[in-house]
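Quick notes on the structure that follows.
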Amino acid sequence: MNRPAPACGSPHAETDALPASRRARLPWLDLFRGAAVLVMMETHVVNTFLAAGLRESGWFTLLNYVNGLVAPSFLFIAGFVQGLERRTAPAKPVNFTRRASRLLGIAALGYLLHLPGSELVKHRWADALRIGTQFDVLQCLAASLGLLLGLTWLANKIAGQRGEAVWWCGVAGLAAIAVVGAPIGQAWLGGPVPLRACINQSTGSLFPLLPWAGFVFLGVLAGAWPQRPMHERTAGILGLAWLAWACRGATFSALSPAFFLERAAWVLVLAALGEWSARRRVPGWLLFAGRRSLTLYVAHLILISALVAAGVPAAALALPWALTLIAGVAAASLATAHFTTRLPSLPPTLLLTAETQRSNEAGS
């Protein structure tokens, strides 16, 4: 199934499975991701169906900028969970085989959503290979966390403080390579198509590892860093907010470090806002959306593809109709997630032991 021109994405990686009685979640992460998944639905509907003429309006420029923060947010959250687990449960054994198999499952789901059916039917093998191997958020996330898993395995082989230093330096190094290496990677046009697809956008990949994996590793560092809760780091967060606001009118290449730093600042601000908001009363359905974000991700993409196949005109809807469609797709996706709640989540990320949750709250 070919995905209709999205500008953001969703998935998340899971920790090792835990007994249901021992599961606990961080509400602010669910809130943050739930809000992001709703904006993601709006983004994909707007990108697919909104009339082309309306996209020249000033309000659409602002909307498009906000929509562009969704994918960095999801990638950051997934990395944050892994870093947080290392900080709060450093002695917890890691089942490397199980995690690797689940990451492969996430990547396989991402490729399945890009299955080039029409190209295969028409025997357009080159186009089928190019489209079918494109990197989207699911593949980017699985590959990034796969690199982190390999680094963790290596660090665990080195005892004591040296192993810890290898882990920290490795994560920081991977983040730097992802961000600084993006312009170099984009210039590489040789090699097999699947390999280029995971490195740069030359084959049409929306979220290649360079620079998008940088948001995952930023999340890992933020989650593992032994500091106070994000919303209490007032001075730093306000400084990042000022930086992000000052850069709002600038146009950066998506491959430049400035692009990464600007969006990283916004993601950290949004994370702090989410953590602060979760201490107030928040809608339960929004937390539910965060818990079932992968189900919503898959469901709304299938719905959008079905609407296109049913003849809903692409890039032709007036704003009222587009808003109606956004509400309909969101409601149908939430209903799908609700009725499939009893089925295994694919995968239930952010699952931490009750002890981990308590130790995190005590440390804050």
Side-chain angles (χ1 to χ4, degrees), residues 6-10 28-29 32-33 35-40 42-44 46-47 55 57-80 83 135-137 140-141 144 171-187 199-201 205-223 225 227 230-231 233-277:
C8 65
S10 154
W28 77 266
L29 284 172
F32 188 9
R33 196 175 59 192
V37 75
L38 293 178
V39 178
M40 172 193 65
E42 169 268 313
T43 300
H44 291 165
V46 164
N47 286 351
R55 305 184 190 198
S57 306
W59 61 266
F60 183 80
T61 301
L62 177 60
L63 178 65
N64 199 45
Y65 185 89
V66 173
N67 291 345
L69 299 176
V70 174
S73 297
F74 276 114
L75 294 170
F76 173 86
I77 291 170
F80 190 96
F135 248 53
D136 209 334
V137 170
C140 179
L141 180 57
S144 301
V171 175
L174 288 171
I177 291 172
V179 176
V180 179
I184 301 173
Q186 184 64 24
I199 297 297
N200 58 42
Q201 295 178 321
S205 293
L206 293 171
F207 299 102
L209 289 174
L210 308 180
W212 296 96
F215 292 105
V216 176
F217 298 125
L218 173 66
V220 174
L221 293 172
W225 196 261
Q227 291 187 7
M230 300 187 72
H231 71 280
R233 307 170 198 171
T234 307
I237 294 299
L238 288 178
L240 290 172
W242 175 85
L243 173 64
W245 180 255
C247 294
R248 71 190 187 283
T251 301
F252 301 126
S253 165
L255 302 175
S256 69
F259 171 91
F260 175 84
L261 292 174
E262 178 194 7
R263 279 151 182 79
W266 277 119
V267 168
L268 291 172
V269 170
L270 292 173
L273 180 62
E275 193 176 30
W276 178 84
S277 299

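Residue numbers count from 1 along this sequence.
Counting only heavy atoms from C-beta outward, the side chains of Val137 and Trp212 never approach each other to under 4.5 Å. Considering only heavy atoms from C-beta on, Asp136 stays 4.5 Å or farther from Ser205 through its side chain. Side-chain contact between Val267 and Ser73: present, with at least one pair of heavy atoms (C-beta onward) separated by less than 4.5 Å. Inter-residue side-chain proximity for Leu210 and Asn200 is flagged as unmet; no heavy-atom pair is nearer than 4.5 Å. Side-chain contact check for Ile199 versus Phe135: every heavy-atom pair is 4.5 Å or farther apart.
Ring planes of Phe215 and Phe260: tilted class, angle from 30 to 60°. Ring pair Phe32/Trp28 is parallel by interplanar angle, where below 30° counts as parallel and above 60° as perpendicular.
Within the model, atoms CD1 of Ile177 and CG of Leu209 stand 11.5 Å from one another, a figure rounded to the nearest 0.5 Å. Taking CG of Asn67 as the reference point, atom CZ of Phe60 lies at 7.5 Å (rounded to 0.5 Å). Separating the CZ atom in Phe80 from the CG atom in Leu221 is a distance of 11.0 Å, to the nearest 0.5 Å. Annotation: the span from Glu42 atom CD to Asn47 atom CG amounts to 8.0 Å, rounded to 0.5 Å. Atom CG of residue Leu141 and atom CZ of residue Phe207 lie 12.0 Å apart, to the nearest 0.5 angstrom.
Each of Leu268, Leu69, Leu218 was compared with Arg263 under the side chain to side chain contact (heavy atoms under 4.5 Å, CB included) criterion, and only Leu69 meets it.
Looking at every heavy atom in both residues, Ala178 comes nearest to Gly214 through CB-N, 3.6 Å. Pro208 and Cys140 make their closest contact through O-SG, 4.1 Å (heavy atoms, listed as atom of the first residue, atom of the second, distance). Ser144 and Ala213 make their closest contact through OG-CB, 3.2 Å (heavy atoms, listed as atom of the first residue, atom of the second, distance).
In this structure, the side chain of Gln186 engages the main chain of Gln201 through a donor-acceptor pair within 3.5 Å. The backbone N or O of Val46 lies less than 3.5 Å from a partner atom in the side chain of Arg55, making a donor-acceptor pair.
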